[in-house]
Amino acid sequence: MKSFLHQAFTLARVSNLPTVWTNVLAAWAINATASSTFKIMPEVCDFAFFDWNTFVYLLIGSSLIYAGGCTLNDAFDQDFDQAHNPKRPLPSGSISAQTVWILGSLELILGGVLLVTVAGCEKTWVFALIASVLFYDYIHKKWAGGIIIMGGCRFFLWLVAATAAGKSELAPQSLIWASVLASYIIGISWFARGESQKKTEPVQYSIILLFSTPLIALALLVYWNQLDPIRVFLCNLTGLLVAWIAFSSILLMREEKNGAIGKGVSRLLAGICALDATALSFYAPSLIAPCLCCLSIAVLMQKKFAAT
């Protein structure tokens, strides 16, 4: 019998947490740096906004909400997993349903409290994030459009982090990148929907969504055509990385081998870190390295804990 901590990590899809960390880092840095209009060329972040105490609680709070949402997802899906995923902690009998409900609820509540009271995030967006997480957990097996709610969860996570340290105003660039992130997540979820049911036929529109990051980055490079060469290079480099991750994952899932869809989805999830690196290349290029480190950590953790 595996330890309770191992079961809790499995329920929380802990291998995806590095993608949450880069989401909140990118959202906070970009919203603190970006101007209130697209007409002004992006300035390089000077990190005057940065506070370690806020950042640590931002990471902890967002991680707890993600873990709580994933844990409660298993609670809501208990009957489905009994038939299709019998090795998950609940159907395998490794942990009780009551424990899962309590654990997930506590993680959501504690995460929300930390984000509002310590990290200084806007409570409206924190409430929207938690509500979207719960709604997704409840509806995603009952309504095909649940993938939109899944994208909404990451969209609100970005807005939560963007308003850290009491900054309630949202720059238009923050909304753009939050939307790009949501589109990417919807694209992943479109593929992931068929994972348990062994469906391998991809949806054409989801492929477009998976390439939304390099497409938006290219459009911004054209618009801000006087950006310095270093940031242009880094934007192209990270954008191509996202494109390669998307392309290789699509090819992998089309191989129709056993477990191919799960492996492809896991690779795409780790690719969220590269998406954040692309966004940061315009505003805080020095933060690209931590994002790529988190990508590597996510890939390594997926060997121990399933990402889906």
Side-chain angles (χ1 to χ4, degrees), residues 2 6-23 63 65-92 94-95 100 104 133 136-141 144 146-154 157 181-182 184-203 206-207 209-210 245-246 248-275 294-295 297-308:
K2 295 179 180 178
H6 186 279
Q7 299 299 341
F9 282 175
T10 300
L11 288 166
R13 276 79 167 179
V14 71
S15 59
N16 291 330
L17 286 183
T19 71
V20 175
W21 303 338
T22 60
N23 280 168
S63 297
I65 286 184
Y66 185 87
C70 290
T71 300
L72 290 178
N73 185 276
D74 271 47
F76 278 104
D77 290 354
Q78 183 177 2
D79 293 337
F80 179 88
D81 287 341
Q82 193 74 47
H84 300 282
N85 298 311
K87 293 183 179 180
R88 292 296 296 171
L90 258 178
S92 67
S94 301
I95 193 169
V100 173
V133 166
Y136 173 78
D137 285 346
Y138 172 75
I139 202 71
H140 76 111
K141 284 292 191 294
I147 59 174
I148 300 173
I149 309 303
M150 182 67 165
C153 293
R154 290 280 185 157
L157 173 63
L181 173 61
Y184 184 79
I185 294 298
I186 292 171
I188 296 175
S189 301
W190 225 325
F191 278 104
R193 179 189 294 171
E195 182 179 349
S196 295
Q197 300 171 349
K198 310 301 180 186
K199 295 179 181 178
T200 57
E201 186 68 25
V203 182
S206 67
I207 296 176
L209 296 180
L210 291 175
I245 290 172
S248 63
S249 299
I250 291 168
L251 292 182
L252 175 61
M253 287 185 278
R254 283 181 168 175
E255 289 180 0
E256 299 186 5
K257 294 181 180 178
N258 186 35
I261 294 181
K263 292 178 181 178
V265 169
S266 297
R267 185 180 297 178
L268 287 169
L269 287 169
I272 295 171
C273 299
L275 182 158
C294 283
L295 191 158
I297 293 170
V299 171
L300 290 174
M301 291 177 70
Q302 286 174 0
K303 299 180 184 299
K304 183 70 173 177
F305 300 98
T308 59

Notebook entry, point to check: Once you round to the nearest 0.5 Å, how far does CG of Leu90 lie from CG of Asn85?
Noted result: 11.5 Å
Checklist line | Heavy-atom closest pair, residues Ala307 and Ser15 | finding: CA-OG, 3.4 Å
Next item on the list: Write down the atom of Leu295, the atom of Ala270, and the distance for their closest heavy-atom approach.
Entry: CG-O, 3.6 Å
Checklist line | Close side-chain approach of Leu157 to Val20, heavy-atom, < 4.5 Å | finding: yes
Item checked: His6 side, atom NE2; Ile95 side, atom CD1 - distance, nearest 0.5 Å -> 12.0 Å
Note to self: For a quick test of reading the model, state the closest non-hydrogen atom pair linking Ser249 to Arg267 and the distance between them.
What the structure shows: OG-CD, 3.3 Å
Notebook entry, point to check: Of the options Thr19, Ile186, Ile272, which is the one that meets Leu181 in a side-chain contact (heavy atoms from CB on, under 4.5 Å)?
Noted result: Ile272
Next item on the list: Might you work through the side chain to side chain contact (heavy atoms under 4.5 Å, CB included) test for Leu210 and Ile188, ending with a clear yes or no?
Entry: CA-CA 7 Å; Leu210 291 175; Ile188 296 175; 3.8 Å; yes
Note to self: To check you understand the geometry: which heavy-atom pair defines the closest contact between Pro18 and Ile297, and what is its length?
What the structure shows: CG-CG2, 3.9 Å
Note to self: Do Val14 and Lys304 make a side-chain contact, defined as non-hydrogen atoms from C-beta onward lying under 4.5 Å apart?
What the structure shows: no
Next item on the list: Evaluate salt bridge (Lys or Arg N to Asp or Glu O under 4.0 Å) for Asp79 paired with Lys141, printing each intermediate quantity in order.
Entry: CA-CA 11 Å; Asp79 293 337; Lys141 284 292 191 294; over 6 Å; no
Checklist line | Taking every non-hydrogen atom, the tightest pair across Asn73 and His140 | finding: ND2-NE2, 3.3 Å
Next item on the list: Assess whether atom CZ of Phe305 is packed by more than 12 heavy atoms of other residues, nucleotides or ligands within 6.0 Å.
Entry: yes
Notebook entry, point to check: Just checking, any donor-acceptor pair under 3.5 angstrom between side chains of His84 and Asp77?
Noted result: no
Check: Are any side-chain N or O atoms of Glu255 and backbone N or O atoms of Ala260, one a donor and one an acceptor, separated by less than 3.5 Å?
Finding: no
Notebook entry, point to check: Looking only at side chains, do Arg13 and Thr308 share a donor and an acceptor under 3.5 Å apart?
Noted result: no
Notebook entry, point to check: Out of curiosity, Ile65 CD1 to Cys70 SG, how far, rounded to the nearest 0.5 Å?
Noted result: 12.0 Å
Margin query: Nearest 0.5 Å, please: how far is OG1 in Thr71 from OH in Tyr66?
Written below: 10.0 Å
Next item on the list: Show the numbers, then the answer: is there a side chain to side chain contact (heavy atoms under 4.5 Å, CB included) between Met253 and Val265?
Entry: CA-CA 8 Å; Met253 287 185 278; Val265 169; 4.1 Å; yes
Notebook entry, point to check: Is the backbone of Leu268 close enough, under 3.5 Å, to the side chain of Tyr184 for a donor and an acceptor to pair up by distance?
Noted result: yes
Note to self: If I take atom CD1 from residue Ile147 and atom CD1 from residue Ile139, how far apart are they, to the nearest 0.5 angstrom?
What the structure shows: 13.5 Å
Margin query: I'd like to check Thr10 versus Arg88 (side-chain heavy atoms, cut-off strictly below 4.5 Å). Are they in contact?
Written below: yes
Next item on the list: Mind checking the CD1-CH2 spacing from Ile185 to Trp190? Nearest 0.5 Å is all I need.
Entry: 14.0 Å
Check: Between Gly264 and Leu252, what is the shortest heavy-atom contact and its length?
Finding: N-CD2, 3.5 Å
